[in-house]
Amino acid sequence: MTGGVASSLGKGLTAASLGRLLKQRGLKVVIQKLDPYINVDPGTLNPYEHGEVFVTDDGGETDLDLGHYERFIDENLTKESNATTGSIYSTVLAAERRGDYLGRTVQVIPHITDEIKRRIRLLATDEVDVVITEVGGTVGDIEILPFLEAIRQYRLDVGRDNVCYVHVTLIPFIAPSGEHKTKPTQHSVIELRGRGIQPDAIVCRSDEPIGKDLARKIANLSSVPPEAVVNTPDAGSLYEIPLVIHDEGLDDVICDLLRLETKEPDLDEWRELSHKVRSADQPVRIGLIGKYVSLVDAYLSVVESLNHSAIQLGADIEIDWIQAEDIEGLLVSDRLKDLDGIVIPGGFGERGIEGKISAAGYARENDLPCLGLCLGLQCMTIEFARNVLGLERAHSTEFDSSTPHPVIDLMDSQRDVTDLGGTMRLGAYVAQLVNGSQVAELYGEEVISERHRHRYEFNPRYRSQFDESDFFISGESPDGRLVEFIELKNHPFWVATQAHPEFKSRPTRPAPLFLGFVESALERSAKRDSRLLSDETLISE
Ligand code: GLN
């Protein structure tokens with residue numbers, strides 16, 4: 001799958017939706033993203049630049065599109081599902097240094113393109129029927145050329161009927177003339193052909209439906225059969241995209257091209273989901289206390305997890321994006337008064353920390369549901385240490401190396417590491433939950449696994465002081481060394497985890513902690529409504 005005309009067309013969602021449709025036809029699907037940038041992985045990228053870093057079970061720090069893929073096809077992917085130009089060059093350069101190329105000149109073609117093809121082939125195991133490979137960026141970008149060359153060659157390697165090319169493009173609407181325009185699409189198809197790739201299907205993204213005539217025109221000018229030109233206008237919700245794509249017949253076209261004999265896709269579950277999305281109407285206001293709030297994509301999986309729970313519970317969530325550094329100290333309470341719950345998400349760096357700590361305290365004292373994720377757990381621990389246990393200036397050594405009470409600290413094994421790559425606890429780790437705890441109740445089991453991405457941990461030296469209070473350590477690593485879950489006794493929901501459960505939430509299987517949190521927020525919202533109502537009755541009486 002390639003993209004034309006503009007970026008941010010929702011190519012990832014298109015790939016994910018197509019994947020789901022093929023899966024519902026009984027095929028085993030994996031999806032891969034090839035990213036043209038030179039960073040070895042997105043792990044060191046600022047979320048402002050590139051949105052969230054999505055973490056896979058095997059500890060891959062990957063592009064956020066992998067989140068869409070996993071959520072839509074409901075399969076766990078591996079780090080092999082994401083390859084960047086940087087990682088491809090790293091492999092080739094390491095081989096060159098080892099002398100693997102026996103003195104030959106190492107070149108983009110064939111060495112880089114061979115490595116790209118190897119990365120694609122890695123996913124094509126015997127169990128898999130279809131690999132969807134999304135080439136990031138836009139046709140015409142300089143850095144995309146080796147990828148286009150590799151996918152062009154791939155068809156020669158594995159045979160015509162085993163590869164098809166889907167091109168996703170934009171059909172802009174020109175307001176003054178009141179028309180959708182096909183010219184940019186024509187040009188991007190020409191550009192693609194110039195690289196030796198004739199698209200087999202074209203997905204036209206547009207604001208409104210473009211109509212059959214225009215689709216036929218695109219088919220004609222691009223030498224693509226009319227049924228292989230499909231239109232996906234902006235959808236009301238992203239859960240409608242697979243249904244739109246199916247109505248347009250793209251999955252049929254792809255199965256024909258690849259000579260895959262399948263049944264019609266079973267879309268009952270997905271239709272029910274999109275129906276639930278439309279009918280969810282219980283208002284609930286959630287504050288997201290973040291650092292990167294001006295780029296919504298920085299918290300993509302958190303927001304999606306909230307949505308999954310909301311859909312299941314019939315809640316219509318309104319998110320209040322709260323810049324943590326704006327609400328330091330007292331200011332916090334005003335901003336939080338009208339909320340039904342707050343989420344303190346993960347993050348790195350000191351900016352906004354005091355705001356997050358204040359927010360955690362406000363939630364604790366005011367029975368406001370509060371969900372802490374990774375850094376969120378750390379902030380809630382610091383807040384409790386300072387304000388309940390009386391450990392003055394308690395902090396994480398990430399933010400204050402000379403704190404008298406390092407309640408959050410590096411574990412000894414990590415202390416000497418200075419390289420920023422590869423020093424984190426990354427990927428899936430098992431936790432043992434305490435029988436009868438709120439979290440065990442929510443998970444419905446006591447041994448669970450969640451994904452991690454952090455360096456710092458709850459400091460076990462302070463464990464006994466916390467244990468004597470209402471602060472309840474409700475989940476630990478199996479060896480009992482690491483704190484994984486905390487909750488507060490006598491509070492509706494003040495729960496946090498050192499993990500990132502947002503990476504495993506799926507539209508039809510919301511992450512348990514999010515479900516518990518949204519449920520608790522809904523209760524608060526209902527109570528507030530009834531309070532408002534009784535206030536009104538009082539006034540009218
Ligand atoms: N900065 C914290 C740590 O490294 C939290 C990381 C996170 O929230 N992902 O431990």
Side-chain angles (χ1 to χ4, degrees), residues 41-48 50-57 59-62 64 67 288-293 295 297-303 305 324-325 342-357 359-360 370-383 385 394-401 403 406-429 431 450-460 462 476-477 481-486 495-505 511 513-514:
D41 63 42
T44 50
L45 279 173
N46 184 337
Y48 273 135
H50 209 75
E52 95 181 345
V53 175
F54 186 81
V55 180
T56 51
D57 260 348
E61 299 182 271
T62 70
L64 56 76
L288 205 137
I289 320 285
K291 174 176 169 190
Y292 313 104
V293 291
L295 181 69
D297 270 358
Y299 299 107
L300 185 59
S301 292
V302 173
V303 173
S305 303
E325 64 192 317
I342 59 170
V343 178
I344 309 180
F348 295 82
E350 196 187 350
R351 191 158 63 76
I353 285 295
E354 290 302 324
K356 292 179 187 178
I357 294 172
C370 175
L371 174 63
L373 307 168
C374 204
L375 180 65
L377 174 140
Q378 301 176 355
C379 290
M380 286 156 77
T381 303
I382 293 164
E383 190 282 319
H395 222 319
S396 162
T397 49
E398 179 179 6
F399 313 119
D400 178 2
S401 52
T403 169
V407 289
I408 304 292
D409 200 1
L410 287 178
M411 296 299 275
D412 285 339
S413 56
Q414 292 170 313
R415 227 174 265 285
D416 303 325
V417 191
T418 46
D419 173 11
L420 282 191
T423 57
M424 281 196 267
R425 184 143 82 97
L426 272 173
Y429 283 84
E450 292 288 5
R451 300 178 189 171
H452 287 247
R453 179 173 183 252
H454 59 103
R455 296 191 178 83
Y456 292 80
E457 306 276 356
F458 182 98
N459 185 345
Y462 287 88
E476 299 171 288
S477 57
R481 286 179 63 231
L482 304 171
V483 169
E484 297 280 21
F485 290 86
I486 62 161
V495 177
T497 171
Q498 190 53 74
H500 286 283
E502 67 270 25
F503 294 136
K504 282 179 63 177
S505 186
L513 284 198
F514 282 85

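One-based numbering, in listed order, for ligands and for the atoms of each.
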Among protein heavy atoms, which sits nearest to [atom], and what does the distance come to when rounded to 0.1 Å?
atom: atom 1 (N) of ligand 1; answer: Glu398 OE1, 2.7 Å
atom: atom 9 (N) of ligand 1; answer: Arg453 O, 2.8 Å
atom: atom 7 (C) of ligand 1; answer: Cys374 SG, 3.1 Å
atom: atom 6 (C) of ligand 1; answer: Gly347 O, 3.4 Å
atom: atom 10 (O) of ligand 1; answer: Tyr456 N, 2.8 Å

Quiz item: Below 3.5 angstrom, do we get any N/O pair linking Phe399 and ligand 1?
Solution: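 N/O-N/O distance below 3.5 Å does not exist for this pair.
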Quiz prompt | N/O separation below 3.5 Å, Leu375 to ligand 1 | solution =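 Min N/O separation from ligand 1 is below 3.5 Å for Leu375.
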Self-check item: CG-CE distance between Leu375 and Met380, expressed to the nearest 0.5 angstrom
Solution: 11.5 Å
Quiz item: Does some non-hydrogen atom of Gln378 fall short of 4.0 Å from ligand 1?
Solution: yes
Quiz item: Does some non-hydrogen atom of Glu457 fall short of 4.0 Å from ligand 1?
Solution: no
Closest non-hydrogen atom pair between [X] and [Y], with its separation:
X: Ile289; Y: Ala324; answer: CG2-CB, 3.9 Å
X: Asp41; Y: Glu61; answer: CB-O, 3.6 Å
X: Cys370; Y: Ile344; answer: SG-CD1, 4.0 Å

Quiz item: Evaluating non-hydrogen atoms only, which member of Gln498, Arg455, His500 is closest to atom 3 (C) of ligand 1?
Solution: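 Residue with the shortest heavy-atom distance to the ligand atom: Arg455.
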Any donor and acceptor pair, going by atom type alone, linking the side chain of [X] with main-chain N or O of [Y] inside 3.5 Å?
X: Arg451; Y: Phe54; result: no
X: Gln378; Y: Tyr456; result: yes
X: Thr497; Y: Glu484; result: yes
X: Asn459; Y: Asp409; result: no

Quiz prompt | Which of the ligand 1 atoms, numbered from 1, are nearer than 4.0 Å to a heavy atom of Gly346 | solution = 8 (O)
